[in-house]
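A short write-up of the structure that comes next.
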Amino acid sequence: MFAGAAGGVTGSCYHLTFDGASLVIDCGTFQGGRIADELNQRPFPFDPAQVTAVVLTHGHLDHAGRVPLLGDLGFEGPVWGHAATLDIAMLIMEDTAKLAAHSDGPPLYERGAVERTRERLKRHPGYGKRQQIGPFTVELFDAGHILGSSHVRVSWDDGGERAILFSGDIGVVGSPIIKDPTSQWSPENAVDYVVTESTYGNRNHPDRAAARETFKDVIQHAILDGGKVLVPAFAIGRTQEILFELDQMIQSGEVGRIPVVVDGPLSMKATDVYRRHKGCYDEDAHEQLARGDHPLDMDSFMGATDGRQSSRVSDLRGPAIIIAGSGMCSGGRIRRHLAENLHDPKTDVVLVGYQGARTLGRALEDGAEEVWIDNRQIPVRARITRISGFSAHADQDGLASWHGALARKPGATTFVTHGEDEARDVYARLLRDRFDARTAIPQLDDVVTLS
Ligand SMILES: [Zn+2]
């Protein structure tokens, strides 16, 4: 059953049943306005008490944010994931328990629900390894999206092996710090079904070098006019990649020295998790480590974890780069920085991630002349720059080459999810034309029999 991320990019959740057992693959939070609030609060379209286990593709909010709700509703099984995924998912769940589900409501769940989830966490043995969970064999492959991110292959014996691969979010080849998405698939990993994300199924990113140039221009401009550069970024993944890029630019002298502030306890904790899990690093990051230079340490860096430190960030006179969540400006400290600085033409806002429909980030991206932030109407005089080359999601070409490399059994079906409808349509057509693939575009709560 497709219980989330069908017709949008948030709320990922799949329910797979076989022989009286069932797995939930991801259980993420819906984001973006009142509709998302309603979807988060509605009952699950399956009985959580009957679920054998949860398996997480990665720790982002839209993939792991609702896991504690399952426990509140009777789920008593384990929650499996890559070790780094579990560390990140815990940060996300702790954060969700602190924040109101919507502006005037209580959090989606209490801190106690998060602690009960912590006791259920089980480390999957890792990439390329198999774990038996009830009648299912679950194998993880590096997805190259954020630390610990995985493609999840689930197989079961139904008078012969049947297998389905959940892509999770697919990363970008050449991203810093972490390894690239898996591109070598052996025939023994062939699958009957693929569930693929399609966030950027209808467009391509400019390359990373071009993205760096644009970012550099914005920073130089800020150094000259003394303005602030606000970078809304997912606390996990994007923040660390942006830090890495800034460190490289400042160290090499490509841009002048400028204070870099990460505002938010979640971003700071996530950066620590990134520092710890060196086993997930790519070759370049390992080489840098070997030279005694940690890829996530920089001189002009300052972190703000508590509210007092955050107020000091507000008092900073520019120029400064402020990185804060959330990535789509739908919550978090970035909203305050936007409220305080959007009216100022010296301010730059750099949108480095995908901006979902009905979010503040999308309004800025679409050129809104004024926006509402926490019941205040704010004129937008800041310069808004979208840089999609830093995306943590593969673009159309990346998705297609990922799909092309997969080992698929004859007649395999690909379900195109985790994209807005236009992206899904365009990408499904491409899969049919280029790979002669059988495709399906499921709607929310659709049930499909895999036979
Ligand atoms: Zn993600």
Side-chain angles (χ1 to χ4, degrees), residues 4-6 8-14 24-32 36 54-67 79 81-82 84-93 95-96 140-152 165-173 175-182 195-201 205 232-242 266-267 270-271 273-274 277 280 325-332 351-357 359 361 388 390-395 398-399 402 416-420 423-424:
V9 299
T10 64
S12 274
C13 187
Y14 306 102
V24 166
I25 314 292
D26 285 347
C27 193
T29 307
F30 291 93
Q31 291 164 276
V54 172
V55 182
L56 298 177
T57 63
H58 65 294
H60 269 152
L61 178 67
D62 58 327
H63 291 258
R66 283 191 301 157
V67 173
V79 177
H82 186 284
T85 291
L86 299 181
D87 283 353
I88 290 171
M90 278 311 298
L91 297 181
I92 284 289
M93 294 185 270
D95 197 56
T96 304
L140 305 185
F141 298 88
D142 201 330
H145 167 64
I146 60 166
L147 200 76
S149 64
S150 311
H151 308 309
V152 176
L165 183 75
F166 295 89
S167 74
D169 288 354
I170 302 171
V172 177
V173 174
S175 293
I177 312 172
I178 55 170
K179 295 190 182 101
D180 289 343
T182 302
V195 178
T196 181
E197 70 127 319
S198 58
T199 313
Y200 289 106
H205 306 318
F234 274 131
I236 293 155
R238 197 69 44 82
T239 291
Q240 291 74 29
E241 286 191 21
I242 296 292
L266 183 59
S267 308
T271 305
V273 173
Y274 259 74
H277 285 276
C280 299
S326 71
M328 299 194 270
C329 314
S330 51
L351 301 171
V352 289
Y354 185 83
Q355 306 299 321
T359 59
S388 55
F390 287 136
S391 176
H393 283 271
D395 60 8
L399 288 170
W402 180 83
V416 181
T417 64
H418 196 291
E420 287 173 15
R424 296 205 293 167

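Note that the structure is predicted; figures quoted are calculated from it, not measured. First listed ligand is number 1; within each ligand, the first listed atom is number 1. Numbers for residues simply follow the sequence, beginning at 1.
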Parallel, tilted or perpendicular: which describes the rings of Trp402 and His151, with under 30° parallel and over 60° perpendicular?
tilted
Once you measure the plane-to-plane angle for Tyr14 and Phe166, does it fall in the parallel (<30°), tilted (30-60°) or perpendicular (>60°) bin? tilted
Note on the Zn ion (ligand 1): protein N/O/S atoms within less than 2.8 Å are His58 NE2, His60 ND1, His145 NE2, Asp169 OD2
Below 6.0 angstrom between ring centroids: does that apply to Phe234 and His60? yes
Paired with Ile88, the side chain to side chain contact (heavy atoms under 4.5 Å, CB included) test is passed by just one of Val273, Leu266, Leu56, Leu61, namely Val273
Only residue of Asp169, Thr10, Thr29 satisfying side-chain hydrogen bond (donor to acceptor under 3.5 Å, both in side chains) with His63 is Asp169
Hits for side chain to side chain donor-acceptor pair (under 3.5 Å) against Arg424, two or more places apart or cross-chain, chain-then-number order -> Asp421
